[in-house]
Number of protein chains: 2
Amino acid sequence: MELTDPMDQLVAPASIDDFRSRLAGVIDQLPRRLRQCADHIAANEDRIAVSTVADLAVGADVPPSALIRFCQILGFSGFSEMQRLFRGAYVPGWPDYATRLADLKLGGAGSPTALLAEFIEAGRLSLESLATSVDDAVLGRAVAELAAADTIHIVGLRRAFPVASYLAYVFENMSVSAMLHDGIGKLDHRFALRPGDAVIAITFAPYSEETLALAHDAADRGLPVVALTDRQASPLAKFSSAVLTVPEVDFGAFRALSATIVLAMTLAVAVGAARE
Amino acid sequence: MELTDPMDQLVAPASIDDFRSRLAGVIDQLPRRLRQCADHIAANEDRIAVSTVADLAVGADVPPSALIRFCQILGFSGFSEMQRLFRGAYVPGWPDYATRLADLKLGGAGSPTALLAEFIEAGRLSLESLATSVDDAVLGRAVAELAAADTIHIVGLRRAFPVASYLAYVFENMSVSAMLHDGIGKLDHRFALRPGDAVIAITFAPYSEETLALAHDAADRGLPVVALTDRQASPLAKFSSAVLTVPEVDFGAFRALSATIVLAMTLAVAVGAARE
DNA sequence: AGCAAAATAGAATAAATATTCCAAATTGGC
DNA sequence: GCCAATTTGGAATATTTATTCTATTTTGCT
């Protein structure tokens with residue numbers, strides 16, 4: 001085979017699909033060693049992002065240099081470039097997103113329209129990421145627990161308050177007995193939480209003391225606590241029976257709540273439906 | 001914090017769960033920089049396997065050495081060992097958003113995950129149409145008017161209340177003087193609205209009387225009123241100086257606020273930026 | 001079988017990446 | 001407001017990892 005075919009050299013595959021079709025195009029005119037590379041790579045596409053040349057070479061049972069020649073035949077400059085494609089394709093857009101937003105300095109932000117475009121993009125990505133990250137089993141458990149409860153207590157302050165109030169609104173519309181704790185009358189937790197009730201606690205870093213306290217209190221009394229939070233290691237996780245995490249992109253101190261609101265709405269509507 | 005606690009040094013976390021609980025155990029006794037590492041790592045667990053120290057350090061906004069110290073506190077010998085753990089457990093999530101969404105829908109009509117898929121889709125559509133439907137000129141005018149105001153009055157009840165409270169939160173964080181009218185003390189409009197102030201009114205069909213009344217009142221006194229509503233023919237349009245419409249896609253009887261929240265955030269951040 | 005063209009292995013080198021270390025800055029206790 | 005202890009940043013270094021190069025082997029052709 002002609003290794004220096006100028007056609008192949010010109011440009012590297014720009015997407016995984018591109019990569020696949022290019023691989024399919026050459027695979028059966030490759031000599032033995034390179035064929036081994038192709039086979040092993042094709043069979044282990046999902047490990048390219050996290051492997052070294054040496055790892056893959058051992059797997060394919062070829063010397064490292066063969067693997068690199070193989071990458072070059074596909075149009076990459078070397079293994080690193082191919083790996084970059086696979087690393088970047090995984091949850092596309094996320095890697096440099098936080099950085100991009102961070103670069104958008106508040107003072108230097110362009111027109112409101114440009115800002116809007118950024119936030120729309122952030123919201124879109126958050127929703128996509130929500131789709132792939134939600135744990136069906138946990139969501140199901142959360143719905144079941146809330147559906148079985150007498151009264152649902154909702155607590156979420158500061159940044160989480162809009163979500164909490166939205167939940168309260170939807171529950172009310174569905175005639176589900178719910179109580180929104182807004183932290184104004186701070187003493188009422190202990191009297192309001194009754195056996196048979198359940199709690200939805202919403203908080204993001206920096207976690208609000210009052211929210212944690214109420215959730216803690218409820219857990220101590222054996223009530224189910226559903227957590228809507230930003231990560232598994234959240235302090236809420238310690239005393240929650242179901243932890244739902246929402247991957248949301250921050251902008252400075254601000255957080256677009258698109259994904260959180262959508263998840264909250266799902267929870268509320270599913271609970272309402274389950275009660276009928 | 002004692003960095004050389006012998007307990008932590010002894011053995012590296014053996015699993016991701018182990019890692020998470022160890023992280024949760026130390027996270028709130030870490031000093032500033034290390035705390036940043038912890039936050040960023042926790043929020044980007046899924047990228048550890050495919051990132052370099054430098055990448056993550058940039059994301060966390062710390063020097064690389066801080067990140068490595070952080071890994072060591074968790075019990076690893078360094079970053080590489082931590083990465084090894086995540087590479088082993090790595091299962092690529094791939095850009096299979098579409099597939100995943102389809103799977104969710106298949107969860108069976110009525111199941112929480114099927115619902116979630118529908119809401120995510122509705123949210124995405126709303127955001128996309130927001131991008132194309134916003135009138136730059138109107139948005140610019142709204143920002144200018146609000147930026148010039150002394151105090152910004154925010155009114156939005158029922159379904160719109162989460163958006164209003166979100167605006168109030170963001171303004172507060174940006175030290176913009178704002179007042180959230182929650183309809184509890186209904187008499188105060190007339191005394192609160194002062195010359196030089198401006199109003200953001202948010203309402204969707206069926207339009208809330210109180211919101212319209214406050215907006216009307218403000219317009220009568222010559223204050224600028226920015227409307228966030230669902231269509232140009234909204235009753236708010238009559239007495240608003242800038243009408244921003246949000247094309248929110250309904251799913252059944254329910255409306256997600258994804259696009260509305262994003263537009264509100266843009267407004268708030270742009271106003272905050274313009275004030276500096 | 002003999003020759004030219006292509007392919008290969010592995011050692012040598014280059015590049016990238018991780019880690020250490022210590023002077024400087026910060027924090028907390030008094 | 002000072003001192004001791006802790007934390008931090010970044011330059012220097014060590015290590016790992018990728019890539020190139022070339023002598024050697026294999027292949028395909030006559």
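Any value given below was found using the heavy atoms of this structure, including those in side chains, with hydrogens, waters and symmetry copies removed.
In terms of the ring-ring contact (aromatic ring centres under 6.0 Å, His included) criterion, residue partners of A:His216 (sequence neighbours excluded) are, by chain and number, A:Phe239. Partners of A:Asp55 according to the side-chain contact (heavy atoms from CB on, under 4.5 Å) rule, which considers only residues two or more places apart in sequence or in another chain, are A:Ser51, A:Thr52. Every residue two or more places apart in sequence or in another chain was checked for a side-chain contact (heavy atoms from CB on, under 4.5 Å) with A:Glu209, and none qualifies. Listed by chain and residue number, A:Val62, A:Pro64, A:Leu67 satisfy the side-chain contact (heavy atoms from CB on, under 4.5 Å) test with A:Ala57 (two or more places apart in sequence, or in another chain).
Summarising the geometry, the separation between CD on A:Gln36 and P on C:dT8 is reported as 9 Å, rounded to the nearest angstrom. In this entry the distance linking CD1 of A:Ile48 with P of D:dA18 reads 13 Å, nearest Å. Spacing between atom CZ of B:Arg33 and atom C1' of D:dT6 amounts to 15 Å, rounded to whole angstrom units. Distance, B:Leu67 CG to D:dT7 P: 16 Å, rounded to whole Å. Residue B:Leu34 contributes atom CG, which lies 13 Å from atom P of C:dT27 at whole-angstrom precision. Distance B:Phe70 CZ to D:dG9 P: 15 Å, rounded to the nearest Å. Rounded to an integer number of Å, the gap from B:Ile73 CD1 to D:dT8 C1' is 12 Å.
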Step-by-step side-chain contact (heavy atoms from CB on, under 4.5 Å) determination, B:Leu167 to B:Ile152: CA-CA 10 Å; B:Leu167 274 169; B:Ile152 298 174; over 6 Å; no
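Residue pairs satisfying the salt bridge (Lys or Arg N to Asp or Glu O under 4.0 Å) criterion with at least one member in residues 34-43 of chain A, sequence neighbours excluded, are listed as follows: A:Arg35-A:Asp39.
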Nucleotide-resolved protein contact map, nucleotides 10-20 of chain C, B/S/- at heavy-atom distance under 4.0 Å: B-------SBB
